[in-house]
Every structure is written in structure tokens, then in C-alpha cells.
Amino acid sequence: MNAILIAVALLGIIGAASATILYLTGQKFKVIEDPLIEQIQEILPGANCGGCGFPGCRGFASAVVKSYTMDDLFCPVGGQETMDKIATILGKTAPATSKKIAVVRCDGTCEHRPQTSIYDGAPRCAIEAALYGGETDCFFGCLGLGDCVDACLFDAIHINPQTLLPEVDEDKCTACGACVKACPKDIIELRKQGPKSRRIFVSCVNKDKGPIARKACEVACIGCSKCLQVCAFDAITIENNLAYIDDDKCRLCRKCVPVCPTNSIWELNFPPRKEKASESSKEEIKKTV
Amino acid sequence: MIEHEGIIEHIDGNHIKVRILQQSACSACHAKRYCTAADSSEKTVDVVDYSGQFKVNDRVTIEGKTSLGYKAVWWAYGIPLILIVSMVILSTYMWHLNEIQGALLSVSILAPYYIVLYFLRNKMTKIFTFTIKKSDSSNLFLL
Amino acid sequence: MEIIGIIIVAVFVNNIVFSQFLGICPFLGVSKKIDTAIGMSAAVTFVITLSTLVTYLIQKGILENFGLEYLQTITFILVIAALVQMVEIIIKKISPPLYQALGVYLPLITTNCIILGVAILVIQKDFNLVESIVYAISTAIGYSMALLIFSSIREQLALSKVPKAMQGVPIALLTAGILAMAFMGFSGIDQVFK
Amino acid sequence: MRNNINVLINGIVKENPTFVLLLGMCPTLATTSSALNGMSMGLATLFVLTCSNIAISSLKNLIPDMVRIPAFIVVIAAFVTIVEMVMNAYLPALADSLGIFIPLIVVNCIVLGRAESFASKNNVISSLFDGLGIGIGFTLALTVLGALREFLGTGKIFSITVYPENYGSLIFVLAPGAFIVLGYLIAIFNKLQKKTN
Amino acid sequence: MENKLVVSPSPHVHGRDSIPKNMYGVLIALIPAFLVSLYVFRLDAIIITLFSVLFCVGFEYLIAKFILKKQPTITDGSAILTGILLAFNLPSNLPLWILAIGALAAIGIGKMSFGGLGNNIFNPALVGRIFLLISFPAQMTTWPVPATAATDAVTSATVLANLKFNPDNLPSLTHMFLGTEGGSLGEMSALALLLGLGYLLWKKIITWHIPTAILGTVALFSGILYLIHPIPQHNPLIHLFSGGLMLGAIFMATDYVTSPLTKKGMLIYGFFIGIITMCIRLWGAYPEGMSFAIVLMNGFTPLINYYTTPKRFGEVKKNG
Amino acid sequence: MLKTFRIGGIHPKANKLSAGKTIQSIEIPDEVSIPLAQHIGAPSQPVVKKGDKVKVGTLIGKSVGFVSANIHSSVSGTVKKIDKVVDVSGYRRDAVIISVEGDEWEDSIDRSETLINECALSQKEIIDKIAASGIVGMGGATFPTHVKLMPPPGTKAEVLIINGVECEPYLTSDHQLMMEKTEEILIGTTLLMKALNVSKAIIGIENNKKDVIAKFSQLASSYPGIRIQPLEERYPQGGEKQLIDALIGRQVPSGALPIAVGAVVQNVGTTFAVYEAVQKNKPLIERIVTVTGEEVHNPCNIRSRIGVPFQALIDFAGGLPQNTGKIVSGGPMMGKAVAYTDIPVTKGTSGILIISSSKAKRKTPKDCIRCAKCVQVCPMGLNPTLLMNLSEYAVWDRAEKNHITDCIECGSCSYTCPADRPLLDYIRLGKGKVMALMKARKN
Amino acid sequence: MAKLKSTFKNMFLSLFTICFVVAVLLAQVNKITAKPIAEAKAKKLENAIREVVPPFDNNPVAEAYKIPDGAGDSLTIYPAKKGDEWVGFAVTSYSNNAFGGTIQIIVGFDKDNRIVNYSVLSHAETPGLGAKVVQWFKDTSKPGQCIIGRDLSKEKLSVSKDGGNVDAITASTITSRAFLEAVNKAYAAYVNTIAGNAASGATELSKDIVPEETTKNEKDIASDTTINKNDKTTGGEEHAQ
Ligand SMILES: Cc1cc2nc3c(=O)[nH]c(=O)nc-3n(C[C@H](O)[C@H](O)[C@H](O)COP(=O)(O)O)c2cc1C
Ligand SMILES: Cc1cc2nc3c(=O)[nH]c(=O)nc-3n(C[C@H](O)[C@H](O)[C@H](O)COP(=O)(O)O)c2cc1C
Ligand SMILES: Cc1cc2nc3c(=O)[nH]c(=O)nc-3n(C[C@H](O)[C@H](O)[C@H](O)COP(=O)(O)O)c2cc1C
Ligand SMILES: Cc1cc2nc3c(=O)[nH]c(=O)nc-3n(C[C@H](O)[C@H](O)[C@H](O)CO)c2cc1C
Ligand code: SF4
Ligand code: SF4
Ligand code: SF4
Ligand code: SF4
Ligand code: FES
């Protein structure tokens, strides 16, 4: 019995002592942390991609909790859905941000854009771009070496082996913008995904004058202003021989698409239009993904 | 140079409290919810800044020389280790104490050490200073 | 000579990682940056030494006196857990800047496995006080060495083309295996010191 | 019940502590020089894990939050000590060969981690299944690893000779073999998991 | 102009140095050592070397093709070299099934698991050798008697084993230098290996740093001991001419992939290989420590690379 | 006694096919395009407009900002338009396009061949004249020369170094210029010495130009303070840091300018241009271009007006060979490959190298075997293989720590690599990123 | 039941209760297992003795005594008797020169100085190599390597590689050498004490040892006998293999 008593005493003392210490530590070290942060971090996708501009999801979580409004704070990966959930937890309202998606604004496939030289350096767009305009006479278009592909954490963008152009997987793209930053030619843009994923945009970034652009690439935007004239909503601007469609103003009426002489305006995910044959070929390209 | 991202939590005159989002070794671990070691904690760091260009909730980067890290490790772990070891050796070979006494003495040497450290705390504050600067809003690391 | 023998054995012949298998989790998980590995090594060395000392004291002073050896595991783990935290509290209380500096440079880790392991081994091996301390420190040095080599190897592997399936832990284990093979070359060296 | 079975399976396959979570690496490497040793270590852990899960989930309301970690440690350490004493008494040879890795179950992240993240939040029955699942996953992994090492090293599995011992590569029952075999096993597991996904 | 112009960043010319050129250069440098082993071990030398090369090349091909699913690059000669160097580190009477295991360890564990040529951390041939040494110590430490010797015993001890366990029974230094004593295939003759070293230096395949550092350290270390206590175990010349020291210092420690990049690093690396080798030789359980020392220092190589930088242009010296 | 630099270096095959070929002039084509960005720094502002008549030497582009240079018309005729033209950068950039009419020079220019030795101008006047004449470094970097002649406060030039090394294989334009215009270069040197207020000048010439060394040595005695120093044949001896090391044994610290060790380096072409500008009032409107290549019929050295398309020079040298695979503006080590033949000659065009298709393509890169050969040859004492890996895997902080910005892009590493790795490609990429990061950090 | 709040009282009580229960529980388990543990330990030694000497009916463990081994340490001798008659001695001996450090053995000699049997008490040799020592030297079918029945007064044991009379374990000369060293040591030490009385300082083995002579000093040496604790679990190294 004696041994048991000593054992109890000893364990009691050590237990109590360590409990006190652990308790004190707990008190002192208690991170003055909102349990909300933890809660929000759970909701976040956990990709730690930095797309929100914070180092990691946790950084974003604490920023959301600390900020008074939720303006300027957006998790592109989780999207509006996540932001709404967060807003409910915090009892705030998330500003409505429509879901965006990466869009490759170049249609310079091998047929459209004849190769005029052979690039033989390290296979990086950034390296090729620093050397010269590229393997074709279009000095603005995609180089096809996939810096954007390497940058994507979500496996959402791939080079199509037939066209040698990158294509975005709509389901996977989180609009984190990594590819936009990676592209040395500023070809990729984050655009509104649009209802039912319908989008209209100019798939070209060539700022050369019409004839030069046209000579380099069949489907180059030549800055002819035809689309600008048919657009009823003032959504199209032309600058440096290049048309641009503002996705805030565009109402997806599709009027500009057929007027483009070079077919450089793309419409995505619309029901097919019968009369235009070339349109369906584009859809086909899209489907080969 | 070591850099850490953080957010300004509190400003009191020139004293700025920055909460650093420490990516602790374990917080990145896929198994952290199985393991209590993953006390992914946030720490606050005090910084003195006279520029007055910062406000609460600013995203900032804390900078300190790498050598500061080594110095901190030295003060917190290096010196006490040496003290303990020398006490063990002294008490055994010089003073011929028995083991229990030797061990007790060696552990208790830490008390005076920490007291000395306490008196040096102003010096410590001077040594371990960090500077902050505004974080580049764009993610330069993705450049 | 005995002491040198203990050192050589703990660092090279029976290296804590490559032949004793203690502290593997942090070894595999944490050691990715060389600078961090150095800081962590120092922290681990201090903690191992201190806790070995204290558990030694408890074992000899209390447990063996009262015939309570069977409480070894439970007391050791409690004491170690408390001790590690206490050191942190003290440093934080005494000099917040120092504490902050540590926090900025060191990742938070808990290497309970190796700390408790060494504390128990010291008792099992029937070491005296000096031998225990020497053993604890040498073990920690062996561990630090392993961490250091490993972090540098990982930095290099991160820049080379390891097959996908092998990346991460598998290649780390393989590397540890080959290093363990190399460390077997030291077997027998301790006999010189007997 | 369905749910409980899921919890069980989960621990064995999807969250296998050895191949997926990579926890408890030390005993995994150290005690698998033979299939029997590996299995024994696994079973010892399984026992502690299940008992502590049960104990903790039934005591969870009696333990205030602030002291939950020390309380858990005490409970776990108690079961570990029991295993230790029983083994020493009735299976001394096995206790010898597992050595300090029996007391070290206390610090195995899996045990405390499960106590903290599962048992302290769920009822006794689920906790039991959780402990069993994770424990069986651990035991299986250790047994497979042990069997493989024993087979490659000595030509035996559970001491049953498969091919003459002289043809075995001794290295597999020694320290380097542990690392190498586990490394390849994890690589294979990764690959298989990728495929099934 | 029909043909399209090629555009690439500078430089537009290349020195025409290539991996095979270096690898086959080493092969040529190994010829003298092979001839000696052929003279000493006759047919066995051919069998072991040939099969070792076959196994290594074969495993590399199979692993690359079927497991890693990438273009096998066996023509670069590195697998052949690994095969030959592995063979040179084995006793000439090793059963072929053990040889196959060794080749699998060398190529599979040592090289391909890391991603193939250039990505490995450890010297593949030595990984293979140590793997075998630990797995099959009996077969790995029984040495056939050289066909040139005039005894009818079937096994013989190496010079180093004698040095360790039987120091009164040593051959003459000349014999060691020319290489007619028992041992692994390729380590027989210091002379032949030195010829190889000359060739490698002449062709600028390797630089002098690593071999010199290793041999110098060993000579210095044992020389100092010899001055203090002149017994055969401390004789620098015996250490230099026996065992795998020369083979290792000239052909294995110098493996590009696994040795440091900078000259300073190479000297440090060589120095420690020398020290560790001598420690194992003098005090360890093994008679020879070269393989262990090299593999261990291979492990330290990334660390050495991290901390030694090449001498930089315009580096401002402190206090200067 | 030959000198050389201390770290790294390689020996590429010299292939000086056009050595000893007298400088020839070619007919001026009907139209020239004179790019407005021919130098490092801000492009010049055009000061002419469509329809303007210009003469040879008329200012057509004015320097903007401190680091920038004037541009003069190299022909007489009418400005056709100011438009974008593909230049050696590989992109379309602004150029003045002039239809050639006759060959009428500005009156102020002295077109005689007479040597003018004396110069009464003050230090400042010389520099102003150099600036006005639009002289930029003709050794390849095209850094505005007058900027180099004004050492920043706190520094003092001690020695002028004239770079007559021409270590690039194939190129012989400097060689031939030195052979034919020896005295002019010596006078130019004296002028530069005066501009810098130094009493010492060293002309460094590689030993493969023994004729030049002999000629210079003979003439130099009458020019006090000028010394001729023969150098070992070794690439990249012409890099200014290497040249300074070779000649005066001082190493320019990392990130610093040559002036930090008291040296200013000028190319012989630049020196000749200085002579012509100061003594003859002639702005920089033409330069010597080597057209060469194994398959070229008539490798030669051509005096070409700025703005003449490459095609004209190539035609003069016998036309583009059938199996042309690559056209390089400059030498094989540092030159830039171009995709078109109608690119205009600029102030920095030292040569046109035509490489046959069999040699145009690189071999496929293999994984690095860590042979350290690139480390051994790097003249800057860097670790190219590490820097490449760090750039490839975007580890910018370590790249910076390992001094990626010190790389002079000499290409020795890529040249040497037995694994055919594109070291410099990636290092250049990393250098750019790190510099951008450092700049962003400063602001 | 609701969760207890984190008040100090609650915490203290809760923790104390847990500690109390655990302590009582462990003490009980200890009480139950203490005896089997001690028995297991004692049995190990007794079995070993029984294995290596001819059948006896005394309690050798109780009659054990220590003698110096000449290297500053001491060896324990367990006399085995049948009735009053001395039938053999079991000697625990060790060598520090084994491959994995120390090897501890127990060897039994009969009246005629012959080795009856041996048992390895602890070792840290390589499994599959040095670890074969447990059986290797017992194989009576291979006289070259078997040491059972050898008369140590006639021959000292050494491995054939060193010119001796015992074939070493394949590729484990070191272990073999160490093992034989331990056997020789055991014999020498035991004979030494006997001879130490007869001819002072003489180390030579005398052939005709009379067992009665030993009984004299048996007492005083046995008086300070404690069974050495070398059967303690070696922990680390051992399982590390
Ligand atoms: C801002 C700036 C200021 C410079 N100032 C000087 C100078 O004062 N003196 C000088 O010799 N070079 C000066 N340089 C030129 C460089 O040292 C160097 O000559 C030029 O970058 C070309 O180098 P390279 O010909 O070796 O390629 C300056 C360059 C820059 C970018
Ligand atoms: C790798 C390398 C090689 C060079 N080689 C030469 C050369 O052969 N001749 C030369 O005049 N300049 C060469 N340069 C340019 C010089 O560094 C330096 O810019 C020039 O001599 C300065 O004179 P400048 O401003 O008059 O051109 C080279 C530069 C580099 C980076
Ligand atoms: C992994 C490994 C374990 C070894 N273990 C032992 C051992 O337990 N006992 C031993 O005597 N030698 C051991 N050796 C040493 C070698 O077998 C050594 O070559 C041998 O002892 C001496 O050779 P010999 O016995 O053929 O004379 C071991 C070697 C290796 C590689
Ligand atoms: C100088 C030199 C030495 C080499 N030494 C070895 C060697 O010791 N072992 C080996 O497997 N390969 C050796 N190789 C070949 C090759 O580098 C080796 O297979 C790579 O380590 C495989 O990635 C050597 C190559 C060279 C050029
Ligand atoms: S495609 Fe671009 S925007 Fe979309 S997820 Fe990938 S990197 Fe981000
Ligand atoms: S879109 Fe940009 S980054 Fe992507 S392949 Fe094209 S050029 Fe490269
Ligand atoms: S290009 Fe740069 S890294 Fe390569 S050798 Fe030249 S200076 Fe060194
Ligand atoms: S020269 Fe090529 S192969 Fe050699 S180290 Fe440099 S990059 Fe690697
Ligand atoms: S079990 Fe994880 S560190 Fe030992």
C-alpha cells in the first residue's frame, strides 16, 4: 500500500506541476487569435496559391477577419461562393464579384500564322521573347512554349499539340492570375466568365498596322473598326490598331462576331449558328481539348 | 536577410506590433490535423519605426539580418548549454559532488543565467531589432 | 577515453537518425533549408541536454529511491513536455525581442520522440551523470549533422529531376538509406576507445 | 454503423498513417526487421490507440479544455506503461527486441493526434472504430514492411523459409534496408493512389 | 530563301565537348588497370567486367524504358563506366547473381531513382559495392589468389586485411606498386592507375584537386603517425599503394556528378575522404574505408557546394 | 611578355577568315532605315519629319536624358517616313527611313584624309563634341561615350584603356581598323586622355594580331603616355572587366563601374570615331562591319553607313550561301541571331556572321552532370550551373545571393558545357528578373 | 453532461483525479506483473546455467561468487553440484572486442575442464553474420568449428585465421575472435583463482585441480556476490539492427 501511496503522491505532484506549467503556457501563449480565422481557413480552398495577394490562405483568412469591409478581398480560387460563405460567417456582405476566367487572346495556329524562323533556344517564352518577336512575323502573338502552363498551380492550362496554343480548362481555372503574370507577351487576360460561361472577346493582341498584321496572321485583328460600328453598347474600343471588348459593357449580343473580316472575335459556349461555317471550326478546336 | 510577411496589428506612436503569419514547419504539413505538434501559431513582433507611413492592417514585410537569427539561437540555447555542461563537469571533476547534487546544481545554474539575461534585456532589445517596409502589393515572388 | 568513445559512437557509429531511428519525422519533414537546420540543431541540442539532465535527476533522485521505475515513461513525458514549454515562457518573459527573433528564424517543432528516447536510453545504458550529458550532446550533434547534410541534399534535389513518384519523402528515405550504408563504415571504430 | 465502418476503412487506406500521413516513422523503421516484430509493434500501438481513444472520448466532458493536453498525455502514458509491463512479464523476448520503442508510443503523433482531433470530439463508439482503423492501418503497414524486409534479407516470412537464407541480401534487415524499402513502398503507394484517383 | 533561319540566344558556337567524350575518356584511362587485372586474374577478370557492364547497361535501359518511361540514354557511356568501376571494386570470383544484385543496387537505387545521369547524389558504383559489402560480406571479402602467385591456396587476404590482422605478413612495396597482390579487380596496380590519372589530367577530363587532396591527406596523416610510431600499419607508402585508395581517388571520388563544383570544395572533399579512409583503415572494423568515405562525402557534397563559392571576380577581400 | 586576366576564360577557334582584308566601301542603297534606338538608354527623339531633306551628317535624332545619344543621317536625301522597322532587337521599333539622293555631306565635315594631330579644344569642349557627334561605344555595348568621359563625383580616372582585343572569333573589323588607321587611333587616344585628364593610356591587343602590335609599337613612341600591351589569346579578354584585370591587375568590384578602380575603357572603333568627331567634325554615321562565315564567298571588312540593310553587305560579300542556317549580328559568342536580312546596320554592328544550317542548331540539352567545367571557365567566378538551375526553378533570392547580376553574358559557360545545356539562356532570364526585383525593392 | 469549464478548481481536480486513478491503476498492474518480470529475469539466467553444465541439484545462483578477470573487472562463477559433489562450473564472461561492442556469454565446464556448452546472454552482432555465434560453435557435426567437449587445459582456443584451432563464423572473424576471447577468459579466470592459491602468481594452468581446494575461498568471494546486471535490455543498439 505504501508504494501505491508514494506513486499517487509522486504522480499527483508531477501531474499538478506540469499541469500548472502547461496551463500557464497556454495562457501566455494563447494566440490572441480569432477562432474565426481558423473557421475561415477551413472554408478556403487551401491552395496557398497567392492569387489573393496574401502569402497563403491563412494570410487571407486573417486579413478578411481583420478588415472592416470585404472590399478588395477576393479569393479567386474559391470564387464568389466561398466569399459569400465567408461573408455569412462574418456577418458582412461580400461585394458581388463575378467569376472570372483566364482567356488566351491569340488564335495564331500553325495554319493561320506561317512560321518564318526556327527558335532554338531554351524552351521558355520569357527567353524567346527577350530575344526576338517569335517564330512568326507576328511579334505579339503566343510563342507556345508554355510559361503559362508551368505557372498554373491548378493544371488548368495546357498547350494544344495541334495548334501549339494554350487552352484553358474552364472547370479547373480559378482565375488566380498566375498565368497572366507569367506570360511575357501579355496575351492572357482574366475576363468575366459570363452567364453559362458565354464570352465574346477579341482573340488577338497584334498592334501592328492592318496590312502587316494580316500578312503575319490570317486571323489577326486589323483594327478595321467594323465591330466598333455594330456594337450598340459602346463596349468596343480600338487602340493601336487593335480592338478590345470591355466585358463590363458587352451584353453578349454577338453582333460583332460575324462582321469581323478576319474572324478574330471569338464567341464561346454559345449555341451554334448555322450560317457561319468558320465558326464551327473554332468550336471544333475548342472541343479537341 | 530574412523576410517575413506580416500585418500591422497595432500602432502606438513609434511602436508597431506586426503579426507575422508564420508558416511554421508543421503548418504546411498535410498531416497536421493528426499531429498536435502543428501549433501553427502567429507571432507578433515589435518594430520601431519613425517614418509614420504605416497604418493598422497594412501588409508589411519584416526584415532582419540572418546573423540575428544565429545570435538569438546563441543567446537562447548556446550559452545555457555551455553553462550546463561546464557545471556538470565542474561539479563532478573539481568539486567531487555526488551525481544528484551535481545535476541539481547544473539545472539551477540556469536561474542566474536568466537573471543576467533579464538585466541585459535592454541590450537585447537593441540587438534584436527588425525593420519593416511596405509589402509589394503584387506578388513579386510570382514574377 | 570512455568519453571519447561515447561521443564517437553517438555521432558516427550509432548515429541517432541513421542507425537508431529516432527523430525521423522532423528529419524528413522539416529539413529543407540549411539556415533553418542550423538554428534547429542548436535548439534541439539544448533541449535534449536539459531534459536528459532533469529526467536523470528524477530517475536517480526519486524513481529509483522509491522503487517506482515503472512510472518512468509517464513522469518523463510529463516533465519533458513541461520543461520545453517552461524554457519558452522564461525566454519570452525575460526578453520579448529575443523570443521574437527566435520565432522569426526558427520553425516551431516538437521533437518529443528523440528527447524522450535519449532520456530513456541514458537510463538503460546505465550511464553516470557526465556520461549521460556527453551522450545527450553527442546524440544531438549527430542529429544536427544529419539535419545539415540532409537539408543541403534536399536543396540540391529540389533543383534536379527526380522522378515524380520518388519526389518528396521517398527520395528522402532513399537518401537516408544510402547515408546509413555509408555510416556503417564506421562500425567498430569505438573499440579503439575501450 | 455504416459510418463507423467508413471511419475504420478510412484509417486503413485513405489515411494510412504510414504511407499517406507519414507519421510515426521512427517505430516504423526501427521495429520492422522482421514481420513478427513489425506486427507486434503495430499491435501494441493499436492497443494503446484504441484504449486511449475510448478512455478519452468517455472522459472528454470531465476534462477542462485548458488541461486537456496534459490529461491526454497522462492517459496515454498509462496505457503505454501497462503494455510495457505486461510485455516484460509475459513476452520478455519481444519486449527486448522492441526496446525503447514501446515507451515511445507515448510520443507517437498518431496517438495524441487522434485523441486530440477525434476522440475528444466524438462518441465512444466512433472513437473505438477510429482507433481500430488507424491502428490496423499502422499494424498492416508495419507487418508488410517487416515481411518484405525479412523476405528480402533472410528469405523468410514470419520465420518460414521461402528461399535459402544464403541468397538473402542482409542489408534489408539492417538499418539502411529499412529506409530503402520504406522509401520504395511509399513511392509505390503514391503511384497507386494517383492511379485510383 | 527557302530555308527558315534559326534564331537562338548567344553563344552560337559550342566547344564540342560532350558527355560521351568524357565518359569514354575515363574508359580509356582505365585500360592499363584492366590489363593488369587481366594478367592477374585471367578469364575471371573478363567475365566479371563484361557481365557487370551488361547488367548495368541492361538495368538502366529497362528502368528508363519501362519504369520511368523516358528515352534511355545508354549511349552516353555513363552506365558502361558504372559497370566497369563496379566490377573493378569486386573480387574476381564473385558469383554472377550477386553481381546482378550489385548492378541493380548501383543503377536502380544509386542512379535511376534520383532521375538518372546527373541527378544522383551518391556514386552509383560505390552504392552498389557497399550494398553488396553489407549484404554479402562473406563473398565480398574472400579474395581469390592471383593467378600469378605461386601458392595453391584458393583464397588470399588483401594487403590491408593483413595490415590490420596480420601485420607481419606483408608483400614488398614494389609488388604493391606493380600490383600482383590479392584484391579487387581494378585496384591491383598503383602504377596502372597512375597512368590513368596522367591520361585524365592530360585530356583535362578531371582536375588535379581531388586526387591530390586525397592522396596527400593519406600520405600526410599516416606519415605523421609513422614518424611518431614507425610500424607497418602507419607506413604511408603501404597505405598509398594498397587497397582501393588509388582507384577511388583517381576514378571514383572524381565522378563529376557526386563531387563538389569548386576547387576549394574539391580540396575539402578530398581532405575529408582521406581522413575518413585512414580512420576506418586504422581503427575501424573494416580493413578498407575508401568506399564508405567517398559515399559519405558524396552526402556532404551539396553542403560543401552551398558553402564554397568559386573565387569571384572582384571579390573585395576583408581587411584588404 | 604577354598578360592576361586571372579567372576562367576559354579558347574558341579564332576563325578570323577576313583577317588582312582591306576595308572596302559599298555603294549606298536607295533607301536606308536609321533606327532611333541604337544605344543603351533612352531612344532619341526624331527631329525631322516626313518630306524633310537631309544631308550626310544632319542631326535627325536628338538625345533625350543623360544616358542617350544623338543620331545623324548617314545619307543625303528625303525623309520618307518615320515608322517601325524590325531591327536587331528582333522587334519593330521606330526608325527614320530616308530615300537616298546623291551623297551630299554637311559642310562642316572635313572629308580629307589628312591627319590632324593638334587639338586646341578644352576638356569640356572635347566631351561636348563627342556628345554632339552621337558617339557610342562601338565594342558592342553601345553605351554613350560622353557619359563614360564624365566620371561621377568622388571618382577619378587614372588610366585610359583602349580595347583592341577583339577576342570574338571571326570578327576582324577592329583588327583591320587598327591596321589602317593606326595614327588616327593614337590621336584619338590622346584626345580621350585629354578629355579624361589622365596621363596614361594602355592599348591592349591580343597576340593574334602581331602585325598591329608591331605597327602600334613603332608609332606609339611619338605619343607620350601611350603604351601598347600585347595580350594572350583568350576569350573574353575584350570584356572590360577582364581587360582591366589583364592590363593593370585590378579587379572591378561586383556591381561597380571600371571607374571604381580608376580605369575607363574605350574600344578602338570608338577611339577612331572620337578622332573623326573632334578633329574632322564628322558625326558617327558609318562603321566597319565584318561580313564573314565559312560558306561566305568573300569574307571581308566593309565600311558601311548606318541604316544600310544587312542584305546589301551580304550581297557585297558574295551573297547569302545556299545552306544558310543562321545569321548573327556580331560575333559567334555574343552576337545576336536575327530572323531577317533586311535589318539595318547600327552603330553597334561589328559584324555579320553567316552560319551554315548544319551548324546552326544546338544539340539537345541533357541533365547537368556537374562536371564543373562551366565553373572553371566563368571569367566572373560564378557558378553557372547553379545559376541556371535557380533561374529555371525561379529561386530568385538564392540567384541574387549567388551574384547572378555579375554575369557579363560572355557565353563561356554554354560554350563549354559537355551536356549542351543552355546555361546562358536561363542565366540571362534570371539576371533580368533579379535586376527587376532589386529595382522594385529600392523603390 | 456538459463540458467542465476551465476554472482553476476544475482543472486541478480533473487532472488530479486522472493522475490519482492512473497511479493506482499502474501500481496495481505493477504489483501483478512485478513477480512475473522478476521471474522471467531469474529464469533466463537459471535456464542458461542449466543449459551449459551437467545436471545439478543445488542453487548455483545463490552460491555464485565473483573472481577478478585480470582486466579490472570480475567474472561470476556459478558452481553446479549434484548432492555435495561438484559437477561443473558455469562462468559468465564477456568480451568488448566484438563487432557490435560487448558480447556476454555463459560457458559451462565439467570436472575435466571440458566445455559442456555455452550460451550467449547478450550481444549486438549483425543478424545473419556475427549473430550466428549463438549456434555456430555448438555444431557437433562440424568438429572444426565446434568447441563443445574441448579441453581447455590442453589447448587455448583461437580462430584458424590466426593460426588457431577453431574455424571462425563465415565473414565474422571479429565476432569469433571476441567470442573465443570470452571463453578463454572464463576458463583462465576460473583456473586462475584455483591456481592462485596453489602457486602464487602463477598463471599456468595446472592439470590436476582438486575441486575441494576451491571451496575454501569460495565463501569469501561469494559473500559479496551480487548478480551483475548485464542482462539488462540494451535498448537502442540492439533493436536498431
Ligand atoms: C549609369 C551608368 C553609368 C556609367 N558610368 C560610367 C562611367 O562613369 N565610366 C565608365 O567608364 N563607364 C560607365 N558606364 C558604362 C559601363 O561601365 C560599361 O562600359 C558599359 O555598360 C558597357 O560595358 P561593356 O562594354 O563591357 O559591355 C556607365 C554605365 C551605366 C549604366
Ligand atoms: C564578353 C565580352 C567580350 C567583349 N569583347 C570585346 C572585344 O573583343 N573588343 C571590344 O572592343 N569590346 C569588347 N567588349 C566590350 C567591352 O566590355 C567594353 O564595352 C568596351 O571595350 C568599351 O568600349 P566602348 O564603350 O568604346 O565600346 C566585350 C564585352 C564583353 C562583355
Ligand atoms: C553489415 C556488416 C555487418 C558485419 N557484422 C559483422 C559481425 O557481426 N561480426 C563480424 O565479425 N564481422 C562483421 N562484419 C565485418 C566483415 O564481415 C569483415 O569483413 C569480417 O569481420 C572480417 O573478415 P573475415 O571474417 O572474412 O576475416 C560485418 C560487415 C558488414 C558489412
Ligand atoms: C571522371 C569520372 C569518374 C566517374 N566515376 C564514376 C564512379 O566512380 N562510379 C560511377 O558509377 N560512375 C562514375 N562515372 C560515370 C558517371 O559520372 C556516373 O555514372 C554518374 O554518377 C551517374 O549519374 C564517372 C565519370 C567520370 C567522368
Ligand atoms: S489558367 Fe491561369 S488564371 Fe486559371 S488557374 Fe491557371 S494560372 Fe490561374
Ligand atoms: S500565352 Fe504567353 S506564356 Fe503562354 S505559351 Fe503563349 S506566349 Fe507563352
Ligand atoms: S555567361 Fe555569365 S555565367 Fe556564363 S561564363 Fe560568362 S559570366 Fe559566367
Ligand atoms: S558545364 Fe554543363 S554539365 Fe558541366 S557543370 Fe556546367 S552545366 Fe553542368
Ligand atoms: S516517430 Fe515521429 S519523430 Fe519519431
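A note on names: the letters A, B, ... follow the listed sequences, proteins ahead of strands, and every chain is numbered from 1.
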Toward chain E: residues of residues 349-360 of chain F with heavy atoms under 4.5 Å: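 Under the 4.5 Å heavy-atom cut-off, F:Ile355, F:Ala360 qualify.
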Which answer fits [X], side chain, backbone, both or neither, if we ask what part of it has an atom under 4.5 Å from a heavy atom of chain F?
X        : answer
E:Ile205 : backbone
E:Asn120 : backbone
E:Lys204 : backbone
E:Asn22  : side chain

Given the rule in the side chain to side chain contact (heavy atoms under 4.5 Å, CB included) test, do F:His403 and E:Arg312 qualify, once you have shown the distances and angles that lead to the verdict? CA-CA 9 Å; F:His403 307 280; E:Arg312 212 153 46 78; 3.2 Å; yes
Between F:Lys326 and E:Ser8, is the side chain to side chain contact (heavy atoms under 4.5 Å, CB included) condition met? List the steps. CA-CA 9 Å; F:Lys326 195 188 243 180; E:Ser8 63; 2.8 Å; yes
Answer with side chain, backbone, both or neither: which region of [X] has an atom nearer than 4.5 Å to a non-hydrogen atom of chain E?
X        : value
F:Lys366 : side chain
F:Gln376 : side chain
F:Phe5   : neither
F:Val261 : neither
F:Asp406 : side chain
F:Met334 : backbone

Go through F:Cys417 and E:Asp17 one step at a time and tell me if the side chain to side chain contact (heavy atoms under 4.5 Å, CB included) criterion holds. CA-CA 7 Å; F:Cys417 178; E:Asp17 193 2; over 6 Å; no
Test side chain to side chain contact (heavy atoms under 4.5 Å, CB included) on E:Leu5 and F:Ile327 and set out the steps. CA-CA 7 Å; E:Leu5 288 178; F:Ile327 300 176; 3.8 Å; yes
I'd like to know which of F:Ala419, F:Gly381, F:Pro418 tops the heavy-atom pair count under 4.5 Å against chain E. F:Pro418
Interface residue of largest heavy-atom contact number with chain E, from F:Lys336, F:Arg362, F:Lys363, under 4.5 Å: F:Arg362
Once rounded to the nearest 0.5 Å, what's the spacing between atom OG1 of E:Thr258 and atom CD1 of F:Ile369?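 Going from the OG1 atom of E:Thr258 to the CD1 atom of F:Ile369 covers 11.0 Å.
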Spatial distance of atom OG1 (F:Thr385) from atom CG (E:Asn305) [nearest 0.5 Å]: 9.5 Å
So does F:Gly335 get a backbone contact from the side chain of E:His12, meaning a donor-acceptor N/O pair under 3.5 Å?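 Looks like yes, one N/O pair under 3.5 Å.
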Quick one: does F:Asp367's side chain get under 4.5 Å of E:Leu117's, heavy atoms only? no
